[in-house]
K.L.:
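One structure, pasted below without further comment.
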Amino acid sequence: MSSQTSPASQTSHSAQPDDAPQPGQPLSREDLAKLVAADIAPGSYVNLGIGQPTKVSDYLTPEQQVTLHTENGMLGMGPQAHGDDIDEELINAGKIPVTELPGASYFHHADSFAMMRGGHLDVCVLGAFQVSAGGDLANWSTGAPDAIPAVGGAMDLAIGAKEVFVMMSLFAKDGTPKIVADCTYPVTGLGCVSRVYTDHGVFLIETHEDGPRLVLREAYGIAPEDLVKRFDFPVVIAG
Amino acid sequence: MSSQTSPASQTSHSAQPDDAPQPGQPLSREDLAKLVAADIAPGSYVNLGIGQPTKVSDYLTPEQQVTLHTENGMLGMGPQAHGDDIDEELINAGKIPVTELPGASYFHHADSFAMMRGGHLDVCVLGAFQVSAGGDLANWSTGAPDAIPAVGGAMDLAIGAKEVFVMMSLFAKDGTPKIVADCTYPVTGLGCVSRVYTDHGVFLIETHEDGPRLVLREAYGIAPEDLVKRFDFPVVIAG
Amino acid sequence: MTEFVDTAAEAVASVRDGSTVLLGGFGNAGQPMELIDALLESGTTDLTVVSNNAGQGDRGLALLIKERRVRKVICSFPRQSDSWHFDAAYRAGELELELVPQGNLAERLRAAGAGIGAFFTPTGYGTSLAEGKETREIDGRNYVLEHPIRGDVALIKALAADDAGNLVYRKTARNFGPVMAAAAAHTVVQVAKLVPRGSLDPENVVTPGIYVDTVTALTPRETQEVEAA
Amino acid sequence: MTEFVDTAAEAVASVRDGSTVLLGGFGNAGQPMELIDALLESGTTDLTVVSNNAGQGDRGLALLIKERRVRKVICSFPRQSDSWHFDAAYRAGELELELVPQGNLAERLRAAGAGIGAFFTPTGYGTSLAEGKETREIDGRNYVLEHPIRGDVALIKALAADDAGNLVYRKTARNFGPVMAAAAAHTVVQVAKLVPRGSLDPENVVTPGIYVDTVTALTPRETQEVEAA
């Protein structure tokens, strides 16, 4: 899904020369997962959404002592189950068989979503179609008129942690950023995203008195000054 | 607390001769508890309030298979504990040590009151200061200006069962009935009482299209016709 | 008091045409497949089904939908790779859908069982699924008012029941069972085993028997007592 | 992540002057007596205490009230035969009281932990305790709108904790523990024993460690491991 962007797709705001030095390469999906994993504070309770975010678990270290939550009723979820370990009554939210770690606990759906809604999880990592500069998330529906709608736990996850990290490719196929001034896809939650991890940069959505501020923490495969010009709204480069 | 009424305390509505035949005696507290116990349908889940209602448990038979609930988090409560069986972590809502029967279960306070509020208990038996003809209950406060208020679970119990039975003496010390047109004591709940068991009669509060109807099911120690004249509002004698 | 019946057919006899049926399960985990099969067999129709999903493949709820026995589905995630019977009925306009975020679904069921008239939830605020619903800002956060979902009958699956109707579940198959048991007027449970009264630790009961009306074991009682938990 | 400390004094260090403190217990069952003693010793004052009762005899919460360290009590049943310290402080006008029906107290705590902004409850409708509160008729029944009660710190008692902070309770001492653990920003638990990670059955955990910040055992760990559940 990650789309490499050609210089031709850059907006006219770009006044910098296209051959400006590029600090390294864009992040691969594996590197992105590694980066997110490293950013999760030790001892955190974390929910990893379906798809790309699931890969983050591969890079969490035992020393981090991160406890994984799955919204279908479990804390202390272990890695995917294989072979004889597969138990159809022990699955994650993506309905994939998983394992149980020592110190795990099971609970029913209302308790599980109360845990999320009540703000007890430290981090939730989600995929997205779009994120707005103000932290609105769009990841549940493309809004296509003929699509059969399905939401699952997406809207609960969007508001269900102290911090919501999004993982996605930064640019859409047409070369425009998927971090937008206002979401054009149907939103999942308003002002809920705190960080966006992408192949070309990590962005922080900071809360300030005068409103949210989109900050580029680091750029990958493109100079920060060039990257921010790809947006038609202000992006602050972290100092 | 049961007050014997002298003829002198009868209201002027009484046109019947005072020496009319009395069908038996007023019910003793034990007989009243026995009567309530016998009226509880087999297999019921029941909460017995603090005080006089607790006595009902002495007359429930094993054949009735009644399960007792205590709002501090237990179903399957057994009789009061004595001697070595006393465990200060196994108490009823009156903070009296009790026992656990096979098939019991423990749960937290929110789950316990959800069970009541959700209408899952079949019967709740409560004491009262007053009950109105429409089923309002007053049993938590005398309304005395200098009293320190305390409500506990009274208001939850009042609305916390499919049927709420009240047990009380029928007449106050001044000889007036404690079933009243409108409660003068602070109410605990509105329209929540379905039966009132008293020393002088058992009353049903029936729901009809034109509103609630107070029905005297049976009188004790006084003729039904005489008893209903003690009220300054209509009481129907069951036919 | 909990009744114990020998067959799934007897167990689902309380479902009527037009009933609202709460169906436990998240995917296949905790889905009361044998009860749903019996419901299919029984011929009841015009059902409103409340369930997280809307049937997968060619079994369970998917077949009820295929046979057009379901008038309306209230669920969070109907569309799956193998939800072809739902897809077909929905696209044909022969199935009404009320889409509810999963946590609101669970909490609305919980509210029904707990006697809560309505509650303000942050989930869904500002989204199309909250359109037309009452909203309110409380302490600087925005909420949507949601109402209880009550069932006429709940069909759920548990690991074991004792003679008092107390239930324990197994791993993530617990999911919607406990809240659905409390949210329905009549709760029917299929269990893998029946155990004698007193053999479940009262500290570990998940659904107390007060919420359980009918139990059927998938294997004969006799062979199960020896395995009592 | 749950921290484990050796003394009750360290455990209550998160309580500040002016804090709202949720105190577990129903009567003496589940009351975290040693944590309350440590709070008394710590000298923190101007507290708002949320608890079912308001202290009995000459111990625990009653002593906090006697020493005028409590500004306000939110509870359901302050008046008892031996609540003389509460009675005296209340009559002297030196203690504010918010009286809450017991089930509303439990549900308001539950709402705080569950992220519910407010809820409509039938309990208290038409009574003096609902005066001034918003009411609404829903499906023919009358309800009162109630709001969450959040704590800065919860002090509760459990039977055992494992290394992940998971808790199990004992009999009716469970009472307010689970809802208070979830309703506070920081939850402190006194337990009778600590057990190794993996020794509590995941099916039987009542309060998952995510709700538990600080644990102290009343007896040294070394002597307890052999008794692991």
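Naming convention: chains lettered A, B, ... in sequence-line order (proteins, then strands); numbering from 1 in each chain.
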K.L.:
Minimum heavy-atom separation for A:Asn72 and A:His109, please, with both atom names.
P.N.:
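In this case the closest contact between A:Asn72 and A:His109 is CA-CE1, 3.6 Å.
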K.L.:
Kindly say whether the aromatic ring centers of C:Phe26 and C:Phe176 come within a distance under 6.0 Å.
P.N.:
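For C:Phe26 and C:Phe176, the ring centres are not under 6.0 Å apart.
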K.L.:
For C:Tyr90, is it the side chain, the backbone, both, or neither that has a heavy atom closer than 4.5 Å to a heavy atom of chain A?
P.N.:
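Answer is side chain: those atoms of C:Tyr90 sit under 4.5 Å from chain A.
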K.L.:
Check each atom of A:Asp111 against the heavy atoms of chain C and say whether the ones under 4.5 Å are side chain, backbone, both or neither.
P.N.:
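Neither part.
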K.L.:
Looking at A:Phe231 versus A:Phe203, is the centre-to-centre ring distance below 6.0 Å?
P.N.:
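Close enough - the centres of the two rings lie under 6.0 Å apart.
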K.L.:
Do A:Ser44 side-chain atoms and A:Asp122 backbone N/O form a donor-acceptor pair below 3.5 Å?
P.N.:
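No: the side chain of A:Ser44 does not pair with the backbone of A:Asp122.
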K.L.:
Is the NZ or CZ atom of A:Arg230 positioned over A:Phe171's six-membered ring, under 6.0 angstrom from the centre and within 45° of the axis?
P.N.:
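Yes, a cation-pi geometry.
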K.L.:
Is C:Asn53 in contact with chain A via its backbone, its side chain, both, or neither, using a 4.5 Å heavy-atom distance?
P.N.:
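Only the side chain of C:Asn53 comes within 4.5 Å of chain A.
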K.L.:
Given heavy-atom pairs under 4.5 angstrom as the criterion, report whether the side chain, backbone, both or neither of C:Leu109 touches chain A.
P.N.:
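No part of C:Leu109 comes within 4.5 Å of chain A.
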K.L.:
Of the backbone (N, CA, C, O) and the side chain (C-beta and beyond), which part of C:Arg110 lies under 4.5 Å from a heavy atom of chain A, both, or neither?
P.N.:
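Side chain only.
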K.L.:
Of the backbone (N, CA, C, O) and the side chain (C-beta and beyond), which part of C:Arg108 lies under 4.5 Å from a heavy atom of chain A, both, or neither?
P.N.:
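Neither; nothing under 4.5 Å.
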K.L.:
Under 4.5 Å from any heavy atom of chain A, what part of C:Val100 do you find: side chain, backbone, both or neither?
P.N.:
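Backbone only.
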K.L.:
Side chain from CB out, backbone as N, CA, C, O: work out which of these in C:Phe86 comes under 4.5 Å of a heavy atom of chain A, or both, or neither.
P.N.:
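The answer is the side chain of C:Phe86.
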K.L.:
With a 4.5 angstrom heavy-atom cut-off, which part of A:Thr188 approaches chain C: side chain, backbone, both or neither?
P.N.:
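Answer is backbone: N, CA, C or O of A:Thr188 sit under 4.5 Å from chain C.
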